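In what follows, a structure is listed as structure tokens, so that the remarks can point back to it.
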Amino acid sequence: DASAAATSVVVGISLTSAAADGDYLVYVTSQTIDLGAILTAGTFYYLSATAGKICPAADLVSTNVVTQLGYATSTSQLTLNVVDTGVVIA
């Protein structure tokens with residue numbers, strides 16, 4: 001999550017959840033993914049302060065670490081472009 005530098009490093013986005021019994025995890029580092037109709041086309045999305053969530057820039061607050069995840073090409077498609085800026089919002 002974006003609340004601290006130690007938890008804000010992103011290497012990709014998980015497409016599946018890993019179960020406690022050792023099931024595998026599928027994640028992607030660059031491609032367009034379908035998240036369902038939850039996005040605003042043309043908006044950049046960032047790592048949220050809530051673990052496991054994404055958010056638009058307007059939802060980031062002071063002390064959040066800015067990690068860009070990608071941009072919405074439609075209301076359901078997110079094109080990944082992960083940028084770990086390391087910048088903390090003042």
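Everything numeric here is computed off the predicted structure, so don't read it as measured data.
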Open item on the list: So, using side-chain contact (heavy atoms from CB on, under 4.5 Å) as the criterion, who are the partners of Asp34 when residues are at least two apart?
Closed with: Ser76, Gln77
- [ ] Please answer: with hydrophobic residues joined when any side-chain heavy atoms are less than 4.5 Å apart, are Leu47 and Val83 in the same cluster?
- [x] no
- [ ] State, with a plain yes or no, whether a side-chain heavy atom of Asp59 is found less than 4.5 Å away from one of Tyr45.
- [x] no
Task: Nearest atoms (heavy-atom pairs only) where Gln68 meets Tyr46 - done: CA-CD2, 3.5 Å
Open item on the list: Do Leu60 and Val82 sit in one hydrophobic cluster, given that two such residues count as connected whenever their side-chain heavy atoms are within less than 4.5 Å of each other, even indirectly?
Closed with: no
Task: Shortest non-hydrogen contact from Asn64 toward Ala49 - done: ND2-CB, 3.7 Å
Task: Set of residues satisfying side-chain contact (heavy atoms from CB on, under 4.5 Å) with respect to Thr50, sequence neighbours excluded - done: Ser48, Lys53
Open item on the list: Just verifying a value: how many Å separate Gln31 CD and Asn81 CG, rounded to the nearest 0.5 Å?
Closed with: 13.5 Å
- [ ] Work out which heavy atom in Ile54 is nearest to a heavy atom in Leu69; give both atom names and the distance.
- [x] CG2-CD1, 3.2 Å
TODO: Check Gly70 against Leu78 and note the closest heavy-atom contact, atom names and distance.
DONE: C-CD1, 3.8 Å
TODO: Could you work out the complete set of other residues in the hydrophobic cluster of Val65, with links drawn between I, L, V, M, F, W and Y side chains under 4.5 Å apart?
DONE: Val88
Open item on the list: With rounding to the nearest 0.5 angstrom, report the OG1 to CD1 distance, Thr63 to Ile89.
Closed with: 8.0 Å
Open item on the list: Hydrophobic clusters here meaning ILVMFWY residues chained together by side-chain heavy-atom distances under 4.5 Å, can you tell me if Leu35 and Phe44 are in one?
Closed with: no
Task: Heavy-atom closest pair, residues Thr75 and Ala41 - done: N-CB, 4.3 Å
